[in-house]
Asks: 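Structure incoming, see below.
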There are 2 protein chains.
Amino acid sequence: MLSKKSQYAFKALAYLTEKFNQGPVLISEISSKKKVPLKFLENILLELKKAGILESKKGKGGGYYLRKDPAQIKVATIVRLVNGPIAMLPCVSLYFYKRCDNCDETSCGLHDIMIQVRDASLGVLENKTLADLLPMK
Amino acid sequence: MLSKKSQYAFKALAYLTEKFNQGPVLISEISSKKKVPLKFLENILLELKKAGILESKKGKGGGYYLRKDPAQIKVATIVRLVNGPIAMLPCVSLYFYKRCDNCDETSCGLHDIMIQVRDASLGVLENKTLADLLPMK
DNA sequence: AAAATAGTCCACAAAGTTGGTGGGATAATC
DNA sequence: GATTATCCCACCAACTTTGTGGACTATTTT
């Protein structure tokens, strides 16, 4: 399951997608509009900035905004960034690979199943972007 | 990600699948062959028994064994039982549904995406069984 | 230059989850 | 009744999650 942090991140990103190209948005505005604890949100947005997803401006007229077009930012990227691995096992993760203890990957049936699950999930997550977070008009 | 507990459960079930129809298997045997901490395994197997997956016998000649044919037990069932929800959000879970706070499901883009991810994952997990855990002969 | 605005950074803490252990009770067999 | 093996409960250390508090820095306005 996605952590609360991840859910907050998506709420914030959805809001910033809505306001794309309309200048910086205040943390406090996102916090109140999307009902996300302000200080927690602060951490999350900072993390997204450090990862290159967001840009920020200080002082009056400042705030956060998307660095790229929402349609260019994959949902998979955000999940990996904020939530961690998408795969259900370390030994089938593309970005967080870790070999299993005592599990021969070439003869482990679970391994094969989890690769299929991973690829099925990625089929969706790699092809959806922040633009898909908005309800259709 | 699957918890260690879930990974242990699958290791144990793989072993019991191998030994299907060969009588009860000792916890201690599973523990040593699959390198799973004995006492932890005890809890896991008991849980699987209470859920109707395993059967057990006490005393000499006792142990655990699968209650049904491995090919009849879906991987999805085990994941839900030991690991919890398969979906990435409570509001798209079939077996663990919980409404999101402040998220209108009819207009939440993330909701739609996560339904697709869920269905993609279930497409695999609901169609694989314990029999698929064994390496092909 | 001072004041106001708004993000940055660090440290901490309560609560919950995970992974695991210890010891005794219960049931079946020899 | 001794042995074997599961059942059951209670507890625990470590880690993660979900936050909060407070000071600092950069930018703009007055």
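Proteins get letters first, then strands, A, B, ... in listed order; numbering begins at 1 in each.
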Asks: Which pairs pass ring-ring contact (aromatic ring centres under 6.0 Å, His included) with one or both residues in residues 70-91 of chain A, sequence neighbours excluded?
Replies: none

Asks: In whole angstrom, give the distance that lies between atom NZ of B/Lys4 and atom P of C/dT21.
Replies: 12 Å

Asks: Sorted by first residue and then second, give each side-chain hydrogen bond (donor to acceptor under 3.5 Å, both in side chains) pair with at least one member in residues 19-28 of chain B; sequence neighbours left out.
Replies: none

Asks: Name the nucleic acid region contacted by B/Leu45, choosing base, sugar-phosphate or nothing; use a 4.0 angstrom heavy-atom cut-off, strictly under.
Replies: nothing

Asks: Of the listed nucleotides (C/dG19, D/dT18, D/dT6), which one gets closest to any side-chain atom of A/Lys5?
Replies: D/dT18

Asks: Contact class for B/Leu38 vs. all strands (heavy atom < 4.0 Å): base, sugar-phosphate, or nothing?
Replies: nothing

Asks: Could you give all pairs that pass the ring-ring contact (aromatic ring centres under 6.0 Å, His included) test and reach residues 5-54 of chain B, with sequence neighbours left out?
Replies: B/Tyr8-B/Phe40

Asks: A/Lys50 side chain N/O closer than 4.0 Å to the phosphate oxygens (OP1, OP2) of C/dC9?
Replies: yes

Asks: Please output the side-chain donor-acceptor pairs of residues 74-90 of chain A that fall under 3.5 Å, not counting sequence neighbours, one pair per line with the distance.
Replies:
unit_1, atom_1, unit_2, atom_2, d
A/Lys74, NZ, A/Glu126, OE1, 3.4
A/Arg80, NH1, A/Glu126, OE2, 3.2
A/Arg80, NH2, A/Glu126, OE2, 3.0
A/Asn83, OD1, A/Ser3, N, 2.9
A/Asn83, OD1, A/Ser3, OG, 3.3
A/Asn83, OD1, A/Ser6, OG, 2.6

Asks: Could you give all pairs that pass the salt bridge (Lys or Arg N to Asp or Glu O under 4.0 Å) test and reach residues 50-63 of chain B, with sequence neighbours left out?
Replies: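 Qualifying pairs: B/Glu55-B/Arg67.
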
Asks: Summarise how protein sits on nucleotides 23-30 of chain C as a single string, 5' to 3': B when a protein heavy atom is under 4.0 Å from the base, S for sugar-phosphate-only contact, - for no contact.
Replies: B--BSSS-

Asks: Using the closest heavy atom to pick a nucleotide of DNA chain C for each, name whichever of B/Asn83 or B/Pro37 lands nearer the 5' end.
Replies: B/Asn83

Asks: Let me know the distance between NZ of A/Lys49 and C1' of C/dC9, rounded to the nearest Å.
Replies: 12 Å

Asks: Of the nucleotides C/dG20, C/dC9, D/dG19, which has the atom closest to the A/Phe40 side chain?
Replies: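 Nucleotide nearest to A/Phe40's side chain: D/dG19.
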
